[in-house]
Structure formats: structure tokens, C-alpha cells
Amino acid sequence: MTLTYTQVWGLILGLAALTALIKAMGPVLLGGRALPPWFSRVTVLMAPTLLSALVVTSLLAAGRSWSVGAHTVGVVIAALMLWRRCSLVLCVVVAVLVTAGLRAI
Amino acid sequence: MRLGVPFAVVGFLLSVSFGVLARQAGFSVAQASVTGMVVFAGSAQFAALSVITVGGGIVAALTAGSLMNARFLAMGIAVAPSLPGGPVKRAAQGQAVVDSSWALANRGDGTFNRWLLFGTTLPQYVTWTLGSIVGATFGNALGDTHRLGLDAIYPVFFLSLLITELRDATSRWAAFGGGLVALALVPVSPPGVPILAASTVALMGLVRRSR
């Protein structure tokens, strides 16, 4: 861990301020007005792109190398269940149980 | 408010896991608890946390978190016409936008039911805050949390959000490209960079589709 105690507070407050700012920006500045279409096409794609990057790296990478672990198996099973439209609560519970189960073996 | 309950339940579990993982990343109990209270944006919190967990700096963590939040800009623009009042009141109401409540409040005709937005967000905020406090407080008492498999919670949650985002071919390609770029950069770039670099894939939205 490289961040100091003060740096962690800086990170938390910075993230809180930026999140509040981003959430306020749409309703305040752009109230009702339309944005150029290219702008919204990019912001709309930001979520699937980043969510995918986050899911993939949390599943298949550890630090600076590729790796798979018990959680990879747990999440893949949950992914199949999500695909079959099982409830999110159930999928999360199964992912945790499978992961914990494999690590116990 | 009842519509928000299933998300509030998963949010609680997710927030507990955030509290636990944040403690492991070097946050104090107070820090890990306050994060959920003041940030209240799960994906941004986990994006920032995953950057510093692998040794990235504050700037990279804030950037990753904010890029993840960029979708709230689009959501805020969409709800804007449905929110009354002056700038301060509108800004305050905009804080209620989270993924699930935004989707639930969407009437599908370009307008939003703002009371549904606030009502479904409220239980989620309560459980989110409680979860991070519980996770932060009892995280260390759980012993080896790795053994409990809590790290499997947040990929599943984001996967469920991701699935709802895959509306058309363009978003599916963006997701595929983003994942590929991030994974390809893992061995060759400093921590945190793969997720940031993946966001450039969203620029493919600039290309007007020729249909």
C-alpha cells in the first residue's frame, strides 16, 4: 500500500466532490437543452466500455500479470445465471459460495 | 420505494465488500465508512479502489472513478427536463441519480417520474451507507476475507449492469473493445492505466453509423 492516511482522505473527498459535480452538471447546465449528438454517443458508450474493462481485469488479472482464480470460476457461473435471468441476489450469493468453496478445497 | 429494495439488498452486500476491501487497501475504519456515505457511486468507488490496490496513484484513481461516473452526465442530461426548480434545487435532485433508480424512473417517453427516482434511491442510500460501515468495522474480524470469496461480489454486480448496457451492436463492440484493450495492457502498463486506456474505445461513438 503506497497511499498515506492523508492521501486516502484526499482521494475520498476528491472522489465525492467530482461525483457530486458530475451528477449536478446535467440538470444544472444542460437543463432541457440538447447536446451535440456526437457527445452523447460517446458518453453513452463510456459505461459499457469501462464496466467491461473493470469486469475483465478483476477476473483475469492480478497486479501486472494475467491470472485466474477461484473467483473467476464463481463469477463465470454467476454470469451464466444472469444470462438465464436469475435474480441478482441469487447470482451474487452463488458466486460467493462457489468462490469460497473452491478456496476451501 | 419497494421497487428499490432488491437493488438495496445487493447494494448492501456490495457495500460490505467495499468496506472490507478498502480496509485491506489501507483505509482506516472511519475512511472506509465515510467513503460510502459521501461518494455513493459503487462503480466509481471500486474503480478508484482497484487502481490504488494495484499500486496506482491518486490522480489515476480519481480519473478512473470520474470516467466511470461519466455515464451520470448522460443520465443527468436525460432527467434534466423532468426536474423543477432553480440551479441549486436541480443540482441537489441530480444527486439522486443512480443506475437502477434512473432506469426504474424512466417512463420510456423521454420523461422521468422524479418521485420514483427519489423513492427508489433512498433505500439504496441507507443500505449502501450501512453496508460500508459494517464492512469497515467487521472486515478484520472476519479473518482471512479472501477465503470467504467476497471479491466475487463486485464483478457480478458490474456484470449485471453491463448486461443492461448492451442494448445494440455498437455498445457490444464498445464493451468487447474495452475489455480487450484493458486486458492487453495489463502486463505492459503501470497499474490503473489499462482501465483508463479502455475508455478511449468509447470514442468510437464519434464515428457516425452509416445506416
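Naming: A, B, ... by sequence-line order, numbering from 1 per chain.
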**OP:** Against chain A, work out which of B:Ala174, B:Gly85, B:Pro87, B:Ala198 has the most heavy-atom pairs shorter than 4.5 Å and name it.
**Re:** B:Ala174
Original post:
chain A heavy atoms under 4.5 Å from B:Leu183: which part of the residue, side chain, backbone, both or neither?
Top reply: both
Original post:
Is there a donor in the side chain of B:Ser66 and an acceptor in the side chain of B:Asn69, or the other way round, less than 3.5 Å apart?
Top reply: no
Original post:
Using a cut-off of under 4.5 Å for heavy-atom pairs, which of B:Gly76, B:Ala41, B:Ala44, B:Ala61 has the most such pairs with chain A?
Top reply: B:Gly76
Original post:
Given the side-chain rings of B:Tyr125 and B:Trp128, with only the six-membered ring counted for Trp, is the space between their centroids under 6.0 Å?
Top reply: no
Original post:
chain B heavy atoms under 4.5 Å from A:Leu59: which part of the residue, side chain, backbone, both or neither?
Top reply: side chain
Original post:
In terms of heavy-atom pairs under 4.5 Å with chain B, which of A:Val55, A:Leu13, A:Ile12 leads?
Top reply: A:Ile12
Original post:
Tell me, side chain or backbone of B:Ile163 under 4.5 Å from chain A's heavy atoms, or both, or neither?
Top reply: side chain
Original post:
chain A heavy atoms under 4.5 Å from B:Val188: which part of the residue, side chain, backbone, both or neither?
Top reply: backbone
**OP:** Taking the side chain as every heavy atom from C-beta outward, state whether B:Phe158 and A:Ser58 have any pair of such atoms under 4.5 Å apart.
**Re:** no
Original post:
What residue in B:Leu185, B:Val59, B:Leu67, B:Val79 has the most heavy-atom pairs under 4.5 Å with chain A?
Top reply: B:Leu67
**OP:** Identify which of A:Gly10, A:Pro48, A:Gly69 forms the greatest number of heavy-atom pairs closer than 4.5 Å to chain B.
**Re:** A:Pro48
Original post:
What residue in A:Leu45, A:Leu11, A:Thr99 has the most heavy-atom pairs under 4.5 Å with chain B?
Top reply: A:Leu45
**OP:** Test B:Phe18 against every option in B:Phe46, B:Phe40, B:Phe12 by the ring-ring contact (aromatic ring centres under 6.0 Å, His included) rule and name the one that passes.
**Re:** B:Phe46
**OP:** Look at A:Leu102, A:Leu54, A:Val93, A:Leu18 and state which one has the largest set of heavy-atom pairs under 4.5 Å with chain B.
**Re:** A:Leu54
**OP:** Let me know if B:Val9 has heavy atoms under 4.5 Å from chain A in its side chain, its backbone, both or neither.
**Re:** side chain
Original post:
Side chain, backbone, both or neither: which part of B:Leu162 has a non-hydrogen atom closer than 4.5 Å to chain A?
Top reply: both
Subject >> Heavy-atom neighbours of A:Trp9 CH2 exceed 12 at 6.0 Å >> reply: yes
Original post:
Of all of A:Ala79, A:Cys91, A:Ala20, which one pairs up most often with chain B through heavy atoms under 4.5 Å apart?
Top reply: A:Ala20
Original post:
So, the side chain of B:Gln31 versus the backbone of B:Ser28: is there a donor-acceptor pair under 3.5 Å, distance only?
Top reply: yes
Original post:
Which value, rounded to the nearest 0.5 Å, describes the distance between A:Leu21 atom CG and B:Gln95 atom CD?
Top reply: 9.0 Å
